[in-house]
Colleague: 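The structure that follows is given in the form of structure tokens.
Below, chains carry the letters A, B, ... as their sequence lines are ordered, and counting in each starts from 1. Note that this is a predicted model, so its numbers are computed, not measured.
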Amino acid sequence: MSLPGSVEIARAAELADTPYLTDLHHSMDRWFSEVARVLPWRAPDCSPWGILVSEVMLQQTPVARVLPVWAEWMERWPEPADLAREPAGESVRHWGRLGYPRRALRLHAAAVAIVEQHGGRVPDTHASLLTLPGVGDYTAAAVAAFAFGRRETVVDTNIRRVHARLVSGLALPAPSLSASEMRLAQSLMPDDAGLSVRWNASVMELGAIVCTARSPKCTDCPVSDSCAWLAAGEPPPTYTPKGQAWHGTDRQLRGAVMAVLRAADSPVATELFERPAADLGFDADGIAVPLAALHRLNSAPEQLERALEGLLSDGLAEMHDGGLRLPA
DNA sequence: AACGCGTGGAT
DNA sequence: TATCCAAGCGT
């Protein structure tokens, strides 16, 4: 019987005994200085709030799409209190098309909690950050590290992939994060807090722009000489990740409904979701396009009802004056 | 612990 | 065109 992760831990321990780990840190640090992307939430004067907002927006959403929305948010709501005094629906509306709009709802709730429980300042420890809505283990660690300079075990999908290849010799990390992966990540971190922040940022960056999921750019990798996966001859993944269905799903329909609600400035009569406005003699000005897109999905009435029910129970929508709207 | 949750660019 | 996948979270 073999303990999961025992090989990796053994290798990490072996590396720690040599100058190798220090060399690795230096190689990554140098590389990061040279090629790291310039991102606004990495600016030295970016507030903890700005970093928190960026981390939540970046949950499952690519950097390129986050950039303009983050900038708009920072201008509109420069501090947690600015967002907290808005209706939650405004948070969802200005989330735009980043996807997973409940993140916007939770970020609003987090802003309220920051105001009510932390004097309007983003809390600075992993444990207190973890109590905020929408903040899980990764985001709490990332904010504690990148906003407050703490030595945190930051493990996101990029870092997992780099560790899988560099240390474990695997093409891809396991489907779900394990305790042994967290131990491995800890064992690789520099002891010094400041260096650990750089390390975490650089490993994440490597995963994002070089050690990518598909067709990694190993010729650009600063640590390819140490890569267990390359040394093993680039073995293929041992499993095939199962893709998420989209066409015809409730999610697709929910997305179409949310697009209508974001575009609407007053409650939308539920009949409008069921059939074309022209048939009903409604004025659908302003929401005609997203409404047409919704109708084009041509869903079963039962599915539409399920989607609306889901949005209501998630708090992403509410009934008002016989219509549906973003939460007030 | 597996599942549901949006969106759009890249391949 | 279809599939992959992007700084996860909550249940």
Side-chain angles (χ1 to χ4, degrees), chain A residues 36-37 39-42 50-70 92 95-107 109-110 129-147 152-162 171-179 185 197 200-209 211-217 237 239-262 290 293-294 297 306-307 309-311 313-317:
Chain A
R37 293 166 294 178
L39 300 171
W41 44 86
R42 284 180 179 164
I51 291 172
L52 173 60
V53 171
S54 80
E55 289 298 344
V56 175
M57 287 183 172
L58 288 164
Q59 290 168 4
Q60 302 286 279
T61 301
V63 168
R65 284 172 46 210
V66 166
L67 282 167
V69 180
W70 182 88
V92 174
W95 195 252
R97 305 188 67 81
L98 289 183
Y100 291 153
R102 44 180 170 200
R103 289 181 294 164
L105 218 48
R106 292 174 181 148
L107 196 43
L129 284 159
L130 202 50
T131 68
L132 299 175
V135 175
D137 192 52
Y138 161 75
T139 303
V143 173
F146 303 138
E152 298 285 333
T153 309
V154 180
V155 179
D156 75 327
T157 186
N158 289 310
I159 292 179
R160 293 188 66 213
R161 189 171 52 249
V162 171
L172 294 174
S176 58
L177 176 60
S178 66
V197 172
N200 285 328
S202 63
V203 175
M204 200 178 312
E205 186 75 348
L206 187 72
I209 68 180
C211 196
T212 49
R214 282 186 297 183
S215 49
K217 303 161 183 62
Y239 73 98
T240 55
K242 53 173 185 274
Q244 293 175 335
W246 173 247
H247 291 285
T249 62
D250 289 3
R251 287 163 73 172
Q252 185 184 29
L253 205 52
R254 287 170 55 122
V257 171
M258 290 304 295
V260 172
L261 298 187
R262 284 195 305 267
L294 172 57
L297 292 177
R306 199 165 55 235
E309 194 54 49
L311 293 175
S313 69
D314 283 351
L316 283 166

Colleague: Would you call Val53(A) and Trp70(A) a side-chain contact if the rule is heavy atoms closer than 4.5 Å?
Modeller: yes
Colleague: Using whole Å, report how far CG of Leu316(A) lies from P of dG4(B).
Modeller: 17 Å
Colleague: Leu311(A) CG to dC5(B) P: how many Å, rounded?
Modeller: 9 Å
Colleague: At 4.0 Å (heavy atoms only), tell me whether Leu98(A) reaches a base, stays on the sugar-phosphate, or touches nothing.
Modeller: base
Colleague: Rounding to an integer number of Å, can you tell me how far Asp250(A) CG sits from dT7(B) P?
Modeller: 14 Å
Colleague: Can you find a heavy atom in the side chain of Arg251(A) that is under 4.5 Å from one in the side chain of Tyr100(A)?
Modeller: yes
Colleague: Measure from CG on Leu67(A) to P on dT7(B) and round the result to the nearest Å.
Modeller: 19 Å
Colleague: Please name the pair of heavy atoms, one in Thr139(A) and one in Gln59(A), separated by the smallest distance, quoted to 0.1 Å.
Modeller: OG1-NE2, 2.9 Å
Colleague: Identify the heavy atoms of Val63(A) and Arg37(A) that sit nearest to each other, and give their distance.
Modeller: CG2-NH1, 3.8 Å
Colleague: If pairs are Watson-Crick or G-U with both distances under 3.5 Å, what is the dot-bracket string of DNA chain C, marking crossing pairs with [ ] and pairs to another strand with |?
Modeller: .|||||.||||
Colleague: Which letters describe nucleotides 3-11 of chain C, given B = protein heavy atom under 4.0 Å from base, S = only from sugar-phosphate, - = neither?
Modeller: -BSBBBSS-
Colleague: When you compare dG8(B) with dC9(C), how far apart are their P atoms, in angstrom units rounded to a whole number?
Modeller: 23 Å
Colleague: Classify Pro175(A) by what it touches in the nucleic acid, base, sugar-phosphate, or nothing, heavy-atom distance under 4.0 Å.
Modeller: nothing
Colleague: State, to 0.1 Å, how close Leu129(A) and Ala144(A) come at their nearest heavy-atom pair, and which atoms those are.
Modeller: CD1-N, 3.7 Å
Colleague: Tell me the interatomic distance from Arg254(A), atom CZ, to dG6(B), atom P, rounded to whole angstroms.
Modeller: 4 Å
Colleague: Grab the two heavy atoms, one from Arg161(A) and one from Pro173(A), that are nearest each other, plus how far apart they are.
Modeller: CA-CD, 3.8 Å
Colleague: First locate atom CG of Leu67(A), then atom CH2 of Trp41(A), and finally report the distance between them rounded to the nearest 0.5 Å.
Modeller: 4.0 Å
Colleague: Tell me the interatomic distance from Met57(A), atom CE, to dC5(B), atom P, rounded to whole angstroms.
Modeller: 22 Å
Colleague: Leu297(A) has an atom CG; how far is it from atom C1' of dG6(B), in whole Å?
Modeller: 13 Å
Colleague: What nucleic acid atoms does Arg262(A) come within less than 4.0 Å of, heavy atoms only: base, sugar-phosphate, or nothing?
Modeller: sugar-phosphate
Colleague: Using every non-hydrogen atom in the two residues, find where Val92(A) and Arg262(A) come nearest and quote the distance to one decimal.
Modeller: O-CD, 3.7 Å
Colleague: If every non-hydrogen atom of Thr153(A) is compared with every non-hydrogen atom of Ala141(A), which pair is closest and at what distance?
Modeller: O-CB, 3.8 Å
Colleague: Could you work out the separation of dA7(C) and dC3(B) based on their P atoms and round it to a whole Å?
Modeller: 23 Å
Colleague: Using whole Å, report how far CG of Leu253(A) lies from C1' of dG6(B).
Modeller: 13 Å
